[in-house]
Amino acid sequence: MSQVNEPIRVRYAPSPTGALHLGGARTALFNYLFARQKGGQFLLRIEDTDRARLKPGSQEQIEEGLQWLRMTWDETPLIQSERQPIYQQAADDLLESGAAYRCFCTPERLAQMRAEQRARHEPERYDRRCRAIPREESDRRAAAGERYVVRQAMPTQGTTTLQDLVMGTVTFRNDTLDDHVLLKSDGFPTYHLAFAVDDHAMRISHVIRGDGWLPSAPKHLLLFQAFNWLPPAFAHVPLVLGPDKKPLAKRHGAKDVLEYREAGYLPEAVDNFIAFLGWSPGTDQDLFTMEQLIAAFDLTKIQASPAVANLERLDWLNGQFIRRLSPDELAARIAPKMPTVPVQTLAPLMPLVQERLRTLNDAPEMLRFFFEEPDGYRPEQLIPKGRDAATTATALTTAATTLGSLTDWAHGVAGRRHRPNGDATADRVDQQARKGHGPGATRTRRAQARRAGLEASRRERPVAPADPGHDVRARDRAELPRVGAGGGIVTRKDDRAAVVDRGDALDDFQLGSIGAARDHHVADSQARARVDRSGNHQRAGW
RNA sequence: GCCCCCAUCGUCUAGCGGCUAGGACGUGGCCCUUUCAAGGCCAAAACGGCGGUUCGAUUCCGCCUGGGGGUACCA
């Protein structure tokens, strides 16, 4: 079915009716990976034969999405609306050979016909009335200016079998095939005609497309046959569903892959994520560079069942990729998210956040205390549980004095000082699940918030809702200006500082929220953030 | 209604007649830890149902059920 020794040429053929969504991006990626692995071409075709649904700017949007995801195409995209005469000619050829015929039925008659078929519980398809019109009469009526469409004349018996690279062998009975329209009365081709004509013209070797096309695949095969053309190989990939098991691209999640860019996702993570929607290399490796994806990709390993997009996995992947960036690279990626901060200022700060980021958009909030005055505390917020105002004031004053005397604020990369991983032995003991709160719950709330933010296409994550009566500290964290998020990374430089932050009154405190300490920080962010880069931050390649 | 596709943990998946059914995300616990993370260890969690074929079925076949898609002068 596929050509022997023909060069590999594939295409992604969106219709410009909107943005590039995750499912479309995946179809494009599968095409792209296949082409690059085989040393073939990856082409673009704009299917804009439906003038009614066309959306201006959509093509640019789709192209930008593809570019962001690092999919580059070869050759100039083919625009179907510019090729009308070619389709006309193709339809004429089919008319001539008897593989198609003119249909003069009005939309009203067709509607009535279908209504009757439905009432009789019969399959709804064209009753082929016009197929019986003699050629001469057909020509005469057309010449007289009567409106018509061109329909494909399907064989009435036998079967058509498709060898699909993903779905396997699929057989259709020809008598169930509809004489569908090839050329509309406005002179534009339908998808079916344009598809066959263009894939032939573009010398496409493999058609990798959504499995929504599977039911019409036999018609397409028959069409190639009618033209006496060698058909391409087919691979119908199952669609991507949203969390509600409904096809993606409709109501939920980001409709446009570019929204993922806005939400702070790395293109490499998104590529990795969508590649694994319905495909798996069959190994345990789950982090892949584009090059590795190209090397590992295998059309025949694509799952035949639809995949549900698990956005939590994308969050995790994104964190993994962020951690693998060099600090400079990370700073460059974060820079657009913090337009008021020069990238050189950002760079030394990266080790403070690199281990904790899940999206780039988390960075401004984590780094905020470097650049902003606190927006004010209510005194009661500063008093830890079990303390009173007086002892708290004393502690804060002591902290301010001690920290204020420090001159060197080198950072030890908190949490990374030779800290052997503990081995947990007494594990299986007492695994009572504490539902509703605890660290896990906090994480879940965050993930939900992140997604909520994505849905709303907002940059800012809404503050996690308080959980009254349960985890007081978690609640406080949510309510306080989130300076505390940076608190822990406030530095400690030597034992002295350590003594201070262990000070009696401070043990339940987030050091970073201490204004005096913060002030000191703000005084000289550069010097202060001389970061220990010897840590675990060089992770080139994996 | 008719046609087509699909069916392993909540999710993505490995499996291609004999496996303690493996991995990942997420979840829970422990460890590490001044916070949040990250990391390490551990745990709970799946072959939709019924019939066949076979010495033996998650795996092959059929039916059912359940999803999904198509059924336009949309792509």
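Order of the sequence lines sets the chain letters (A, B, ...), proteins ahead of strands, with each chain counted from 1.
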- Do the side chain of Asn31(A) and the main chain of Ala28(A) share a donor and acceptor less than 3.5 angstrom apart? no
Assert: residue with more 5' nearest nucleotide on RNA chain B, out of Leu357(A) and Thr106(A), is Leu357(A)
In 5'-to-3' order, the base (B), backbone-only (S) or no-contact (-) status of each nucleotide in nucleotides 9-16 of chain B, using a 4.0 angstrom heavy-atom cut-off, is --BSSS--
message = Less than 4.0 angstrom between a side-chain N/O of Lys184(A) and OP1 or OP2 of rA72(B), yes or no?
response = no
Original post:
Does Thr49(A) put a side-chain nitrogen or oxygen below 4.0 Å from OP1 or OP2 of rA75(B)?
Top reply: yes
So what does Pro189(A) hit on the nucleic acid, given a heavy-atom distance under 4.0 Å: a base, only sugar-phosphate, or nothing?
sugar-phosphate
Checklist line | Sugar-phosphate, base or nothing in reach of Pro107(A), heavy atoms under 4.0 Å | finding: base
Ranking rA72(B), rA37(B), rA75(B) by distance to the side chain of Arg114(A), first place goes to rA72(B)
*Would you kindly check if the NZ (Lys) or CZ (Arg) of Arg151(A) is within the cone defined by 45 degrees around the ring axis of Tyr101(A) and under 6.0 Å from the six-membered ring centre?*
no
So, for Phe30(A) and Trp279(A), is the gap between ring centers shorter than 6.0 Å? no
Residues passing the salt bridge (Lys or Arg N to Asp or Glu O under 4.0 Å) test with Arg26(A), sequence neighbours excluded, are none
Partner of rG1(B) under the Watson-Crick or G-U wobble criteria, both distances under 3.5 Å, comes out as rU71(B)
Got Leu162(A) and Thr169(A) here, is their nearest side-chain heavy-atom distance under 4.5 Å? no
Residues passing the side chain to side chain contact (heavy atoms under 4.5 Å, CB included) test with Asp198(A), sequence neighbours excluded, are Arg45(A), Leu78(A), Gln80(A), Arg83(A), Tyr87(A), Ala194(A), Met202(A)
Taken in chain and number order and not counting sequence neighbours, the residues that satisfy salt bridge (Lys or Arg N to Asp or Glu O under 4.0 Å) with Arg131(A) are Asp179(A)
Is the Trp213(A) to Tyr191(A) ring centre distance short of 6.0 Å? yes
d(Arg358(A) CZ, Asn318(A) CG) to nearest 0.5 Å is 9.0 Å
Polar atom pairs (N or O), protein with nucleotides 45-49 of chain B, under 3.5 Å:
none

Between the protein and nucleotides 1-5 of chain B, which nitrogen or oxygen pairs are less than 3.5 angstrom apart?
from   : atom 1 : to        : atom 2 : distance (Å)
rG1(B) : O2'    : His121(A) : O      : 2.9
rG1(B) : N2     : Glu124(A) : N      : 3.2

Rounded to the nearest 0.5 angstrom, the CZ-CG distance for Phe321(A) and Leu287(A) is 4.5 Å
Partner of Tyr265(A) under side chain to side chain contact (heavy atoms under 4.5 Å, CB included), picked from Ile322(A), Leu360(A), Asp315(A), Leu317(A), is Asp315(A)
Discussion item. Mind checking if Gln80(A) touches a base, just sugar-phosphate, or nothing, with heavy atoms under 4.0 Å?
Written reply: nothing
Exercise. How would you label the contact of Arg118(A) with the nucleic acid (heavy atoms, under 4.0 Å): base, sugar-phosphate, or nothing?
Worked result: nothing
